[in-house]
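Step one of this worksheet: look at the structure below.
Throughout, a chain's letter reflects where its sequence line sits, starting with A, and its residues are numbered from 1.
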Number of protein chains: 2
Amino acid sequence: MPKISGSRRPGIKDVAASAGVSIKTVSRVVNAEEAVHPETRARVLHAIQVLGYVPNTAARSLKSGTGGAIGVVIDTLADPFFAALVSAIETRALTEGLSVLVASSNLDAAQEREQLLSLVAGHQVAGVIFAPVAPEQPYLDPYRAVTPVVAVDRSRAGYDSIVVDDYGATVLAVQQFVDLGHERIAFFDRDERFSTIERRMSGYLDVLRDAGLPFDPELVSETIDGSLDYRSEADRLLALDRPATAFFASNAKAAIGLTAALHRTHRQDTAMIAFGDFSFADVVRPGVSCIDQDPFLIGNAAIERLLALRESPSGEPREWIVPTALLQRGSGEIAAPLPARATASASGAAPASGAAPASASTTTTRGDAR
Amino acid sequence: MPKISGSRRPGIKDVAASAGVSIKTVSRVVNAEEAVHPETRARVLHAIQVLGYVPNTAARSLKSGTGGAIGVVIDTLADPFFAALVSAIETRALTEGLSVLVASSNLDAAQEREQLLSLVAGHQVAGVIFAPVAPEQPYLDPYRAVTPVVAVDRSRAGYDSIVVDDYGATVLAVQQFVDLGHERIAFFDRDERFSTIERRMSGYLDVLRDAGLPFDPELVSETIDGSLDYRSEADRLLALDRPATAFFASNAKAAIGLTAALHRTHRQDTAMIAFGDFSFADVVRPGVSCIDQDPFLIGNAAIERLLALRESPSGEPREWIVPTALLQRGSGEIAAPLPARATASASGAAPASGAAPASASTTTTRGDAR
DNA sequence: CCACACGGCGACAACGTTGTCAAGTGGTCG
DNA sequence: CGACCACTTGACAACGTTGTCGCCGTGTGG
């Protein structure tokens, strides 16, 4: 159907000629402006159809100074959490007629800077959503008057930030362990590079303190220089004089490694709650209880916020907290082996008495596909 | 450091003024052209530094007719396979100074068309990589002279296509079942909408034929109208008069569903091979043997092909086959329950004798993270 | 000493689109 | 009947960059 005259792509001029109007009128039709006679509009639309005309984004954004794409910078698309997040953004962007430019920072501050500048200054995107790496992004300041920016997953002062309640969710989870009589609760995979994980860490510490349980550094596994052998670390924690009886896995990757380690040694008696859901969590026995951090919710919140910022500059940037859910699947409800001292209030065997918001829907299909 | 004069973003003119040269000279420096005096170049570079100048992509691509981004259209980023594929593309693109525009088709032909046209005609991308949905994309023809196009995952005549050897890999897997004495081999989740799955289906059929085994339609699970209840379907296959003893899962999603179903009923005796790896395949017991279809390899091959096409138009488009590996993890090496008739050659219990290329590295961390 | 080549650089147009402004037409009101 | 208004349309400049062409000055060979 579309016929390209000569070898050039059809431009607004070709449409204008074909419809017998001026290019300005074509522009008006394309942009759905009011003041066009219905009959003229029909002629123009017909010409557009016939020629297969598509407006040139480059020229448009050159003229207007800001283009029809939004930029997204995340750690890496290879992480299904971020992939799902971008997917949510892309879906919503489509309904606004916006395209999505993705770039990854690979957790490198220099690359983050390069990518952000390329998007904001080079591509003149209509907005940016990014998962911050460096503590500050001062180089964005000159552009922020024109380009709205939203931070996701990790909070940044000065930016509207979409995050989950790391602290609160962790408190809930660890408190559940305490309520079940656990006194040796491991924090599996602390990584000081991530502020989110540090917030989870302080939730953990606060619950211990409030419960009157001593803090034992031996119960904390740390990622040093970006690496931690989950398997041997799990073995270590279980081989302590007073071994860990409950594990709080601070992120999904650690949770997967931990689950694998426990399964290799057939330990089905250790309690575990993971921060972040993962695909097989409800397949293994016992099912792995997870704090569900829904990437689609986060992505949606981020783009909605960005679109709102495009409309009106809005006031002070603030944090927007996306709710989490504690998916009870079994592993989080395992009670401590022996009541030891007389400590906690409740200490049954079945599902926990205390905390934990309801939240059913354990069987959402998410994660792996294909 | 960067100082924006007034409120405008610095343009080539500002740099030129600051360095005391003409805009053309700045352009020459930015584009690393030869004919510039070293000293002048230094002055210009310094001015660029000071002003924080970043070339405007829109103007550039308007002038040159083709921009600094490549377009990628895939089913959805929520699918970790495609997410990883895009990640590989993005990584390589970065080294070429290209950005990546992602768009999803959601397996809808109309949306595919819209997205592709937006990328090719609207954004004037430097190239397109897409996972084809509709049988044909004739609307791309007018642009193909200017914009190279590569198909991934699913083959399309007329386009360079990057695919895996669906047929061959399936033959290998099913043959392994036959060698182990299985006579009731299920094809789990046929979906006629996907040509890749149809190719796997014909591999399945051919092995049966060559082995002299009858084809039983009852052993084929079909996705109808896009849905299939994996759990009840698995139950059905296991409850047949002559139940299935081996499962070929035609895709990772089905494999996950199937694995979950088998685990719920504690069936550890059924053989299974999945087309497509998934994160927990080596955690469950028995480990799920998989045909590994590496998204990074595929993505890399696709972008390399695209970059090559940019250099030279090249001759006839062809199919490029990316190798797969059969990861032996246990479930694929389970022999048939009773030797039944005297059929196959080998029929031991331990790892298969026949087919299956070596392929170690079962423990690659892929899939879920975070 | 002159013609010419060449390295280095700048003026200007053009890419496709939209904003500004003005012009044309027909109708309405005083 | 004339002035004014609403509505529709078009001419033109401008967005920031690069390609074309030509200019200038210096050196080189005849």
### Task
Kindly indicate whether the side chain of A/S18, heavy atoms from C-beta on, has any atom under 4.5 Å from the side chain of A/R43.
no
### Euclidean distance, atom CD1 of residue A/I12 to atom C1' of D/dA11 [Å, nearest integer]
14 Å
### Distance, rounded to the nearest Å, where A/E34 contributes CD and D/dT8 contributes C1'
13 Å
### Query
OP1 or OP2 of D/dT9 sitting under 4.0 Å from any side-chain N/O of A/T40?
yes
### Query
Would one find a side-chain N or O of B/S27 under 4.0 angstrom from OP1 or OP2 of D/dT17?
no
### Message
Would you say A/R60 places a side-chain N or O within less than 4.0 Å of OP1 or OP2 belonging to C/dT18?
### Response
yes
### Message
Rounded to whole Å, please give me the gap between CG in A/N56 and C1' in C/dT17.
### Response
8 Å
#### Entry: Nearest to side-chain heavy atoms of A/K63, which nucleotide of C/dT18, D/dG16, C/dG10
C/dT18
### Query
If each of B/V26 and A/V30 is mapped to the nucleotide of DNA chain C with the nearest heavy atom, which maps nearer the 5' terminus, i.e. the 5' end?
B/V26
### Message
Counting only side-chain heavy atoms from C-beta out, which of D/dT17, D/dA11, C/dG16 sits nearest to A/K13?
### Response
C/dG16
#### Entry: Atom-pair distance (CG on A/L62; C1' on D/dA13), nearest Å
13 Å
### Heavy-atom donor-acceptor pair, B/T76 side chain to B/N106 backbone, under 3.5 Å
no
#### Entry: Spacing of A/R60 atom CZ and A/I12 atom CD1 [to the nearest 0.5 Å]
8.5 Å
### Query
Has the side chain of A/R28 got a donor or acceptor atom sitting under 3.5 Å from an opposite partner on the base of C/dG19?
no
### Task
Take the protein atom CD of A/Q124 and the nucleotide atom P of C/dT17, then report the distance between them rounded to whole Å.
17 Å
### Query
Of all the nucleotides listed (D/dG16, C/dG16, D/dT18), which has the minimum atom distance to the side chain of B/A59?
D/dG16
### Query
Counting only side-chain N and O atoms of B/T25, is one of them less than 4.0 Å from OP1 or OP2 of C/dG10?
yes
### Message
Regarding C/dG19, can its base be found pairing with the side chain of A/K24 as donor and acceptor, where the two atoms are less than 3.5 Å apart?
### Response
yes
### Query
Sub-3.5 Å donor-acceptor pair from the side chain of B/E90 to the main-chain atoms of A/S104, do we have one?
yes
### Query
Short question: side chain of A/T147, backbone of A/A126 - any donor-acceptor pair under 3.5 Å?
no
### Query
Closer to the 5' end of DNA chain C via nearest nucleotide, is it B/I23 or A/Y53?
B/I23
### Task
Grab the CZ-P distance between B/R43 and C/dG8 for me, whole Å please.
14 Å
### B/E33 CD - D/dT18 P separation (whole Å)
8 Å
### Candidates C/dG10, D/dT9, D/dT17 - which lies nearest the side chain of B/S22
C/dG10
### Over-ring placement of B/R113 relative to B/Y139, 6.0 Å and 45° cut-offs
yes
### Query
How close or far is atom P of C/dG16 from atom CG of A/L51, stated in whole angstroms?
14 Å
### Task
Answer yes or no: does a side-chain N or O of B/N31 lie under 4.0 Å from OP1 or OP2 of D/dT18?
yes
